[in-house]
Each structure stands twice: as C-alpha cells, then as structure tokens.
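From a predicted model like this one, the values you see are computed outputs, not experimental measurements. Residue numbering restarts at 1 for every chain, and letters A, B, ... go by the order of the sequence lines. The figures that follow rest on heavy atoms only: side chains count, while hydrogens, waters and symmetry mates do not.
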There are 2 protein chains.
Amino acid sequence: MNANALPAYEQVKAFIKANITRGQWRSGDAVPSESALQNQFGVSRMTVNRALRELVVEGVVTRIQGSGTVVAQLNRIVSTLAFRDIHEEILERGHQHSAHIIRVESIKANASLARTLKLRPGARVFHTVLVHFENDVPIQYEDRLVNPAVAPQYLKTDFSVTTPTHYLLEHAPLTEASYSIEACAASLQEAKCLGLKAHEPCLVMTRCTVSGAHVASLARLVYPGLRYSFNGKFQL
Amino acid sequence: MNANALPAYEQVKAFIKANITRGQWRSGDAVPSESALQNQFGVSRMTVNRALRELVVEGVVTRIQGSGTVVAQLNRIVSTLAFRDIHEEILERGHQHSAHIIRVESIKANASLARTLKLRPGARVFHTVLVHFENDVPIQYEDRLVNPAVAPQYLKTDFSVTTPTHYLLEHAPLTEASYSIEACAASLQEAKCLGLKAHEPCLVMTRCTVSGAHVASLARLVYPGLRYSFNGKFQL
DNA sequence: CAGTGGTCTAGACCACCGA
DNA sequence: CGGTGGTCTAGACCACTGG
C-alpha cells in the first residue's frame, strides 16, 4: 500500500466523480452496484459502501434500496453557508470590532411576537438593539428579541464586550435555527445608525433560533448593501 | 432487535447530540472515545465510528487522531443553501413559469471579462438577458455571459422554453461554482424589466460556474427585494 | 426470485498524540 | 508507551425492488 495513495474509499469516490464530471455519466444514469465496484477495485463491500454513502451526503448520487444507485439530479447547487458571530468574523479579517448600544430593555410581547416565541401574549421579552462596527465603519444593525426563559440574565450583559450572539450561544445551546435573507430598504432609524441615506438597499437576515424546548431568540440583522455580502462556494 | 428501533449508529448519534443539546457537554468538551461508546452501547467499533464520522460531517464534533473527539465550536450556524433552476423552483410551488427574452447576442470580451472566463481579451462570448415570471409576476432578471467553449450552440436555444441554467447543466457538467449574495439598488433597465421603481432594493446573486477545465458562465441574477428571499434551516 | 442497498460484527493494522 | 482515531476486511442478515 503506497503511503501517498488516497484511502481506498476516496479512490472509489474520485472514480465516480470523475465519470460524472467528464460527462460520461449523466443525471439519472445508473452507477455500478456495490458488488461491481467491489470487484473492480478489489476492496471489501464496506469500503465501497462508505464511498457511496458519502457521495449521497454530498448530493452526488441517490440510492434506493432494492433498486440501485443513480447519479443525482445536479440541477441544483448545494452549498454550505456558515453564519458566525460577527465579532469573530471581523476579528478573523484582522479588523477591529466594536458595538454601539442603542437600546437594552424589557418589553411586553404583542400577540404576533408571543406566538413566534411561544409565550403568552403580554409576557416579558428582552429587547436589544446594537450597531456593530468594523474598523469604525457600521456594518450591522442588530435588533434582537430574547426569550427570558433561556437567558434570564441577558439584559445584564455588557454588549460592548460580549455580542448577543455569543452570550446566547454560551447560555442557550443551539438546537435549531431558521433564517431568511432578503433585500430591504433601510428604515430611517436603521439608515441613521448605519450612516446611510434612507431607503438605501440593505441585506436583511431574519433569524429565529431554538434551544431545546424554547424558542430562544428572534433577530433582525441589517447589513448595508454596499458593504456586505454573503459568499459561498460549491465543489462538484 | 426491535423493528421500530433506530439503527445502532443513529442511537449513538442521538445520545451525543442529546448531551450537547441539554447543555451537558459544551463546546470543547471531550466526547467519550470509540471504545468507551462501544462498551456503553454494546456495539462494534465500526458502528460507533460511523456515528462519529457522520457527526463530524454535520459539524457537531471535531476529531483529532491520537488525541480524541471533542464537541465542536458551535458558534456558527452551518446551513445548506440549495440553488435550483428557477424554472423548477417555480413549478414546484405549483405556479406557472415563463420567460421574456431581452437580449441574445455574441459580444467581445473586454479585459476584465476575459480574465474571469479565462479567455483572451476580445474573444467571443455569448450574452443573454432574460426576465423570469412566476404567474406573470417578474421575479428574476438574469444577465448571463457564457463561454462558447462549453456550449457552442448556446445561442440557438429557445430560452422561452429552456432556461439558460437548464441548458448549461445539460451541456456542461457542473464541477464548481462560487457565488455571492448582495443587496443592490435596481438599475433603470432592471427596474423597468422587473416592474419596479428605479433604485428599489434587490437581492443580487452573482454566480460563476466552472465545468471541467473551463469557466462556463458568469451570471448576475437580480430578484426584487419585496418578492423574493433565500430561506434556510439549521438543525442541531 | 435474484440483485440491490442498509446495517452490523469482530477482528485487524496503522498513524498519531500525549505523557 | 498506551490510548486515540483512520482505515480496511470478510463475512453476515435483513428489507426492499424489480421482473
């Protein structure tokens, strides 16, 4: 066994990917069965099985028990977007992060908010509004509502030091999140805080996080359209 | 072995995830070794190994050979965004898709475009501009540049029937793509085609696709901010 | 029915890490 | 050095699919 050689399961994966990339096998075409590949490569079935299972996860092939393995419909780009704490994101770019605190308060949930956070209407909810700066340039307006059940001490945090995201991840283990990304015109308040003209286009991420049995937080993150973008990459 | 029972490796995964979710194990904490879990669950090492390998892919744990397995830094939300052909996306919502063709032509690449497509300056490049409608509402303005090397017959396509995305996926197997999502103000031309006022906020996806050795296409997809959003979900 | 994938075992050898 | 994970094997039984 050559030392520089790829593991056997990687070789099987590479073989299959190469056939797809080269246009040899197209979407919907059958991929050789496990036993066929087993013979072809002279490896055990578990090794072939691992290769194929990983290709399923990567979205390259589809398997149906009893039927076989086929090349997946590749008419979609599947990519992984990672959202991180903005503090770390900025530090990682080698820049300075700071935050201005606009609002830290406790409010009463109206009907709609109560429904989202799964609380009774009129229940207390924590509310913070911050602006995050990257090298003194405003880059994110963060309006956040927090369920007191998951972080009773939330309002006592010094948000100029600890970001809400960081605090919540520490105190309420994340189990689930849903988000949407849209383009909106900046409101007057947002525009003022971000140093924009009113109605300038912004990227808005709305995010709802769940921790165990509780809806933990609802956040609206507004980024100046001209200063921020989400980037991603897809590989075969 | 109970028929309704989860597979053993799923039970191991569930056990580990539960300990994390419950806040029992925190980021950086050690996860029991394979042999420990093997004894605890009374299963073979391969089964435990599969569970842990899958948790690595899911970003739940980190493993270091010789050292051990620890709970990953969960201070990031990792989610999978899937971009599909807009035609299918609309059909799947049970709506009607149609496309208006604005422009179908061959142009000469300027220096910057030639660099991106890895062609020589002045080389011929295909250029199409379409507007996609969902139930007669304009939803995407698609400005696309195509490398003739990967799809020589591209301009002969009837784009009112076949979307450029679909045609390219058929003729140039996708091996790589990079994209960015931003918010921009609609240009006059875009606004007119999308039925917006000038400078209304739009979600803009810029996408560069690679097929084998060639850069295949560069697309600018403009979505009206009020009519479109990218949505995603994250689970544990 | 034969062939497929889904799961699992009980071993094995190796590379790596930390004490 | 012992313990960890990384890989691999040669079997096995099962559930499912298709003809």
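By the side-chain contact (heavy atoms from CB on, under 4.5 Å) test, B:Q65 is found to be paired with no residue, residues two or more places apart in sequence or in another chain being considered. Residues satisfying the side-chain contact (heavy atoms from CB on, under 4.5 Å) test with A:P32, not counting sequence neighbours, are A:W25, A:A36, A:L37. Every residue meeting the ring pair (Phe, Tyr, Trp, His ring centres under 6.0 Å) condition with B:F230, not counting sequence neighbours, appears here in chain and number order: B:F83, B:Y223, B:Y228.
By the 4.0 Å N-to-carboxylate-O rule, A:R84 lies close enough to A:E92 to be salt-bridged with it. A salt bridge does not link B:E182 with A:R227: every distance from a Lys NZ or Arg NE/NH1/NH2 to an Asp or Glu carboxylate oxygen is 4.0 Å or more.
With rounding to whole Å, B:Q11 atom CD is found 15 Å from C:dG6 atom C1'. Atom CG in A:L6 sits roughly 14 Å away from atom C1' in D:dG6 (whole-Å rounding). Regarding A:R63, its CZ atom lies at a distance of 11 Å from the P atom of C:dT4, rounded to whole Å. To the nearest angstrom, P of D:dT9 lies 13 Å from OH of A:Y9.
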Show me the donor-acceptor pairs within less than 3.5 Å that the side chains of residues 148-157 of chain A make with the rest of the protein, sequence neighbours left out.
| residue | atom | partner | partner atom | Å |
| --- | --- | --- | --- | --- |
| A:Q153 | OE1 | A:K156 | NZ | 3.1 |
| A:Y154 | OH | A:T128 | OG1 | 2.8 |
| A:T157 | OG1 | A:Y154 | O | 2.7 |

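The stretch residues 38-61 of chain A touches DNA chain C through A:R45, A:M46, A:N49, each having a heavy atom within less than 4.0 Å of the strand.
Here the side chains of A:D85 and A:E89 are not in contact, with every heavy-atom distance at 4.5 Å or above. Using a 4.5 Å heavy-atom threshold, the side chains of A:T163 and A:Y167 count as separate.
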So if I define the base as every atom that isn't primed, P, OP1 or OP2, how would nucleotides 14-19 of chain C read as a B/S/- string at a heavy-atom cutoff under 4.0 Å? -BBB--
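Nearest-nucleotide positions on DNA chain D for A:P7 and B:T69 put B:T69 closer to the 5' end.
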